Amino acid sequence: MAEAHSAVAFSFSITHEGWDVNFDREVLHLVWASGVRSWKKRLARFKLEFRNEMFKLVFEPDFLLEEAQPSVILSNLNSKIRTVYIILAFFSRDNGKYQLISCAGLSFASWLGVTYTMRYALKLLFMYKGWIYEERGPGRKISLRTRLWLLAVKLLSGPSQPMLYSFQGSLPRLPLPSSHKTRLKGYLRSVRPLLNDENYARMQKLAKEFESGIGIKLQRYLMLKSWWATNYVSDWWEEYVYLRGRSPLVVNSNFYGIDTVLMFHTDVQAARAATVIHTILQYRRLIERQELEPILLQGIVPLCSWQYERMFNTTRVPGPETDKIVHYSDSKHVVVYNKGRYYKVQIYYKNRMLAPCEIEVQMQLILDDKSVPAEGEERLAALTGSPRTDWANIRQEHFFRGTNRQSLDAVEKAAFFVVLDDIPYEFDQKDPSKLDQFGRTLLHGNGSNRWFDKSLTLCIGSNGRIGFNAEHSWADAAVMSHLWEFTCSDEAQYKWADAPVMGHMWEHVVAGEILDGYGSDGHTLGTPEFKPPAPIRLQWDFKQSCLSAIEKSYLSVQEIINDVDLRIFMHTNYGKGFMKTCRISPDAYIQMALQLAYYRNAGKFSLTYEASMTRLFREGRTETVRPCTIESSAWVKAMNDSSKSTMERVALLQKACKQHQLAYQDAMCGKGIDRHLFCLYVVSKYLEVDSPFLKEVLSEPWRLSTSQTPHGQTSKLDLKKFPKCISAGGGFGPVADDGYGVSYIIAGEDLLFFHISSKKSCRETDSSKFALDIEKALDDIRTLFLDYKK
């Protein structure tokens, strides 16, 4: 993690003589800049709301007819402002034009008043988080307070089909903890299983000194930031955790996602690429028009949608000290990589998006191209996988002007990056190594065929299977999984039928209408209306010094990817169905299995990271849940103690799961530990204040880093009708040199996927062995509950 820049001291204290204030411009500028960014976003959102709403309510074509009668006008006006118009018409009966102008003005004022009244009323309601802590399930009753709250939210939520950003202004701010005392208590509790008595006493002392000393001063700065900025965490988290990081993005930051391996659509690479590109472009259009359904928990509580804004037309641009995220308002092309060559492909022509059958023509032209790459072109993308400062310097020296500048602009301004790989992506349940290779190919490719700076890189294997590689700074994995679920479920709505060539045929049936799909030969259905624009081959002109830099970057990337030990474990013995019968949260169930597996694997407990979201708050991203607790460690020890009975073990497991679920709920509600401590640390670095407590907290390695891939984020997916239409999930590289990165997806009632990564250079870790330990832990827990039920 990059440290904050140093700054001159800032003091704020109360003396017997009154207030003694010492301002430092740079520290205050840090807080000021956060607020300015927040208010710019608010202004942009207000402009968008005004454009979308007022043109619908007031400036419809019927309103522009000078001779329109009042009854016609009233019939077209929104019901909220009809009364305003009637009152206005009574006082302004002489001139219809003035009536119209005045009506528009009062309509806007009325809309503004009603909108903001409802917005702040909803914001007050959304501050209530008691519903999260209430237990659900058969026999559980919702409290009267929550039922009244639900009724009030439904009454004020407005349209039954809200737009993507409809609730953005109603989301509350992420609350700053009123006192860090509770956070320190929670932190000390979380590290108790990891420390002996002596070290724990030392940490207690450091925490107490921090609490009564510099912690008070640092908290005041965060309070100032929380008042001024929309979210006191997110901008610093983006900047210091991601953009100021100087390590290569490949493996260390970027993550990947895999196709629906249990469903196979077509083995025609160009056809599959065309269909998926078209689906993703439709998704982009839904975002631009705000027609994408916002995610509502329990069908009523919205999640923040601001991360969707930078999903497309976005690139992370390297800098000498810090990178920046550059988002372009629109892009009419994608860039395709195939066999070391780059092509600019227009995706709009004659004022419309190209159809899948037309995009397939373009993809096939690229695959049929027999030209060879220019010198250095094949390994060019390795630069994006080199250390960020090195790539920034090379970019400035060799890509600042001329041909290279134009071609680089085409790549960075593309809607997204597409790779037509010349190798197949394979899955065979009887040969797990094929799925492992599938994941490795998506995580890093060969080191030079992924543009790691792009927000999204779509990858298509030579056999038609797909996956993606995503840059992490612009958004969290849950946002990408929403896109991926939308993409996969769109194809799942096609109906299987017998066909003579492939044995399958796809027909998209909607209300009896057959839409474009795959024909019996595996190609997209439909006939192009015109000859689509031919792909444009990008040109490059590299000097010898640039070629040397490309080769050096390629070799450094090879060292990174050759050290990755990735194992994708498919668990088919049972899944969510059995877990629910145990009356335990499936996520807590799996986290306890991971704790048991890690203890058996490493012979000790370790600091464990699980990502939780804070998107119940405006511009929220993630918070850390610490699954290694006093309760979980007690249960793990009991599982390895033959003297413990089944009843004792189950009681300890239930207690551990309950504690884990409470920690997860606290994290979602802004009561987590780590983001608050992180922000205190940033302030301390700007003040050049040395805090031994914060320094030790932020330097602790996460040897077990875990994350669950969510699904069920789109209403398009019907798992009862298409139970196999679930992605195998995705994964990421290990966070610690001597640790594991574990991503998992609860893919169905009887199916789980685990993506386990570690480093081959570490003798203490082995991803294949850890997969076996996870399998054994899951089997032991299942046996435990079966014995308990007997």
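Just the heavy atoms: all of them, side chains too, but no hydrogens, waters or symmetry mates, feed the values below. Just so it is clear, the structure is predicted and the values come from calculations on it, not from any experiment.
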Contact list for residues 781-790, test side-chain hydrogen bond (donor to acceptor under 3.5 Å, both in side chains), sequence neighbours left out: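 Passing the test, one end in residues 781-790: Thr581-Lys789.
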Report yes or no: does [X] contribute a side-chain atom to a donor-acceptor pair with the main-chain N or O of [Y] at less than 3.5 Å?
X      : Y      : value
Gln659 : Ser632 : no
Trp149 : Leu125 : yes
His755 : Ala728 : yes
Trp484 : Gly729 : no

Donor on one side chain, acceptor on other, Tyr308 and Gln290, under 3.5 Å: no
Flag for Glu623-His676: side-chain donor and acceptor within less than 3.5 Å: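 Side chains of His676 and Glu623: no pair found under 3.5 Å.
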Nearest-0.5 Å distance, CD1 of residue Ile746 to CG of residue Asp587: 6.5 Å
Residue pair Val153 / Tyr128, side-chain heavy-atom distance below 4.5 Å: no
Any Met311 side-chain heavy atom under 4.5 Å of His482 side chain: no
Summary of salt bridge (charged side-chain N to carboxylate O under 4.0 Å, His left out) pairs that have at least one residue in residues 472-481, sequence neighbours excluded: Asp476-Arg621
Qualifying residue for side-chain contact (heavy atoms from CB on, under 4.5 Å) with Ile280, from Phe468, Phe312, Phe486: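 Result: among Phe468, Phe312, Phe486, Phe312 is the only option passing the side-chain contact (heavy atoms from CB on, under 4.5 Å) with Ile280.
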Partner of Glu619 under side-chain contact (heavy atoms from CB on, under 4.5 Å), chosen from Leu174, Asn231, Thr614, Leu171: Asn231
Test log, rule side-chain contact (heavy atoms from CB on, under 4.5 Å), inputs Ile584 and Met592: CA-CA 11 Å; Ile584 287 178; Met592 293 306 106; over 6 Å; no
Validation row, ring centre Phe732 to ring centre His472 under 6.0 Å: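 Not close enough - the centres of the two rings lie 6.0 Å or further apart.
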Within 45° cone and under 6.0 Å: Arg173 NZ/CZ vs Tyr232 ring: no
